[in-house]
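Remember, it's a predicted structure, so these values are computed and weren't measured experimentally.
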Amino acid sequence: MLHIGIIGTGGFSKMHAKILSEMEDVQIQAVCGTSKAKAEEFASAYSIPSSYESVNEMLDAERLDAVYILVPPMSHGEFEMQLIERGIPFFVEKPLGVNVEQPYQILTELRKKPLITSVGYHFRYTDTVSQMKQLLSRQNVGMITGNWMGNMPQVAWWRDQERSGGQFIEQSTHLVDILRFCVGEIDEVYALYGNQVMHKQFDGVTAADVGTVTLKFRSGVIANISNTCVLPDGLGKVGITCYTQEGMLEWDTERLKMIEAHATSEIKKMVNPYLVENEAFIHALKTGDTVRILSDYEDAFKTHQVTVAALKSAKSGLPVRMV
């Protein structure tokens, strides 16, 4: 029986807790929230034996095989370091933080003291992304466009640049990660961000609400990812279009469409990627076999570097070369 701890009581904590609670040989043993009341309420909902408001207290009191870190971007750092020090594997939701320095410190410690880690880039686990990766490996790719167009989430930290990192770091990071997974590493980043609408509607908006980022891949492929959070509730568009000598591949969160000169075909998403990523992590904990984990901390750090480089470029007005 694996004994799992959870840090955080928000929406993603509930999603992961539901999946874990339905797995065989897995027990969510403890949860830690920002208050004892929140932790107790969460524990009651998922039949978790213990609840805490201090991570140190939880780790001192429990014998945990792994911990899920499911907290907002600005809260990362201390929890990961505590788990590395204690030798406890962890799953962490993206993004890894709001800057590059703190995740790099965590990565440096992990290189000294390796642990099983997994990062929640769940789109990697979808059958449609897997199919797109296979198709692109056999085609000559010219360029790629991506978009994450939606509304501004109504939590105070998200609109605050210092706490969320901004939309590209917090949200569009998924698109960067899919492209890294399918196309390869990125050598250069150039970004333009703007504040057009949301600062007029809400107090405390310091994160950009429009942005476009051009990526140059090591292979020579050029990609552009644009995002905005100015749309009204209920409207949105998230997707990637790849342009190749064979035609166009159009991916969104529900399907992959292959458009060629004389034929069009489509496959729909058939798997729950959140379930698959959890199964991969739990399998690794049970067996030591990490091959099913598609995004560990080391790999996720490369995606995070690109998104932070985009913010640096937007501030300076200059392209940023990836090191």
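- A pairwise comparison of heavy atoms in E93 and G120 identifies OE1-O, 3.5 Å as the closest pair.
- Counting only N and O atoms by type, the side chains of Y68 and N278 include a donor and acceptor under 3.5 Å apart.
- Atom NZ of K237 sits in a sparse spot, with 12 or fewer heavy atoms from other residues, nucleotides or ligands closer than 6.0 Å.
- Residue M248 is not grouped with residue L136 when hydrophobic side chains (ILVMFWY) are merged at heavy-atom distances under 4.5 angstrom, including chains of intermediate members.
- Environment of CE in M270: sparse, with no more than 12 heavy atoms of neighbouring residues, nucleotides or ligands closer than 6.0 Å.
- Residues M74 and E162 share a closest heavy-atom pair of CB-O, 4.5 Å.
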- Stepwise, does the side chain to side chain contact (heavy atoms under 4.5 Å, CB included) test hold for H304 with T173? CA-CA 7 Å; H304 187 66; T173 183; 5.8 Å; no
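- Remark: Y104 OH is loosely packed, at most 12 non-hydrogen atoms of other residues, nucleotides or ligands lying under 6.0 Å away.
- For CZ of R63, the number of neighbouring non-hydrogen atoms (other residues, nucleotides, ligands) closer than 6.0 Å is 12 at most.
- Under a hydrophobic-cluster definition in which Ile, Leu, Val, Met, Phe, Trp and Tyr are linked whenever side-chain heavy atoms come within less than 4.5 Å, directly or via other members, V98 and V100 are assigned to different clusters.
- When all heavy atoms of I4 and L64 are compared, the closest pair comes out as C-CD2, 4.0 Å.
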- Query: Hey, mind stepping through E185 and R218 against salt bridge (charged side-chain N to carboxylate O under 4.0 Å, His left out) and telling me if it holds?
  - Reply: CA-CA 6 Å; E185 297 305 334; R218 199 160 296 166; 5.5 Å; no
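- Minimum heavy-atom separation, S13 to I7: OG-O, 4.3 Å.
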- Carefully, step by step, assess E277 and Y121 under the rule side chain to side chain contact (heavy atoms under 4.5 Å, CB included). CA-CA 9 Å; E277 73 174 354; Y121 284 109; over 6 Å; no
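- Once rounded to the nearest 0.5 Å, the distance linking CG of L2 with CG of L20 reads 10.0 Å.
- Distance alone, capped at 3.5 Å, is enough to place a donor-acceptor pair between the E80 side chain and the G77 backbone.
- Pairing each heavy atom of C182 with each of M132, the nearest pair is SG-CE, 4.1 Å.
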- Query: Taking it one step at a time, do L83 and I69 satisfy side chain to side chain contact (heavy atoms under 4.5 Å, CB included)?
  - Reply: CA-CA 10 Å; L83 294 170; I69 305 172; 3.7 Å; yes
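- Salt bridge annotation for K18-E22: present, with a cationic side-chain nitrogen under 4.0 angstrom from a carboxylate oxygen.
- Between the side chains of Q167 and W148, no donor-acceptor pair is found at a separation under 3.5 Å.
- Scanning both residues, A208 and C229, for their nearest heavy atoms gives O-SG, 4.2 Å.
- A distance of 3.5 Å separates CG in N227 from OG in S172, rounded to the nearest 0.5 Å.
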- Query: How far apart are the C-alpha atoms of K38 and E41, what are their side-chain angles, what is the distance that settles it, and do they pass the salt bridge (charged side-chain N to carboxylate O under 4.0 Å, His left out) test?
  - Reply: CA-CA 5 Å; K38 285 184 179 180; E41 181 181 0; over 6 Å; no
- Message: One pair to check against side chain to side chain contact (heavy atoms under 4.5 Å, CB included): R180 and R124. What are the steps and the verdict?
- Response: CA-CA 10 Å; R180 280 194 55 249; R124 289 192 178 209; 3.4 Å; yes
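- Taken from OG in S265 to CD1 in I259, the straight-line distance is 9.0 Å, to the nearest 0.5 Å.
- In the hydrophobic clustering of ILVMFWY residues, with side-chain heavy atoms under 4.5 Å counting as a link, V155 and M198 come out together.
- Distance check: K216 NZ to E188 CD gives 6.0 Å after rounding to the nearest 0.5 Å.
- Hydrophobic clustering (side-chain heavy atoms under 4.5 Å, transitive across Ile, Leu, Val, Met, Phe, Trp, Tyr) groups F123 together with V271.
- Side-chain atoms of E78 and Q82 form a donor-acceptor pair, as typed in the model, at a separation below 3.5 Å.
- At most 12 heavy atoms of other shown residues, nucleotides or ligands fall within 6.0 angstrom of atom NZ in K315.
- Between the side chain of K94 and the backbone N or O of H174 there is no donor-acceptor pair closer than 3.5 Å.
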- Message: For a salt bridge (charged side-chain N to carboxylate O under 4.0 Å, His left out) check, start with the C-alpha distance between K286 and D65, then their side-chain angles and the critical distance, and finish with the verdict.
- Response: CA-CA 9 Å; K286 288 180 176 180; D65 297 297; over 6 Å; no
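- Salt bridge D60/R86: present, at least one basic N to carboxylate O contact under 4.0 Å.
- Here the straight-line distance linking atom OG of S226 with atom CG of N147 works out to 7.5 Å at 0.5 Å rounding.
- Under a 3.5 Å cut-off, the side chain of K36 and the backbone N or O of S51 do form a donor-acceptor pair.
- Note: the hydrophobic cluster containing F181 also contains L215 (ILVMFWY, side chain heavy atoms under 4.5 Å, direct or indirect links).
- A salt bridge between E250 and R255 is absent, with no side-chain N of the basic residue lying under 4.0 Å from a carboxylate O of the acidic one.
- Atoms OH and CD1, on Y125 and I293 in that order, are 6.0 Å from each other to the nearest 0.5 Å.
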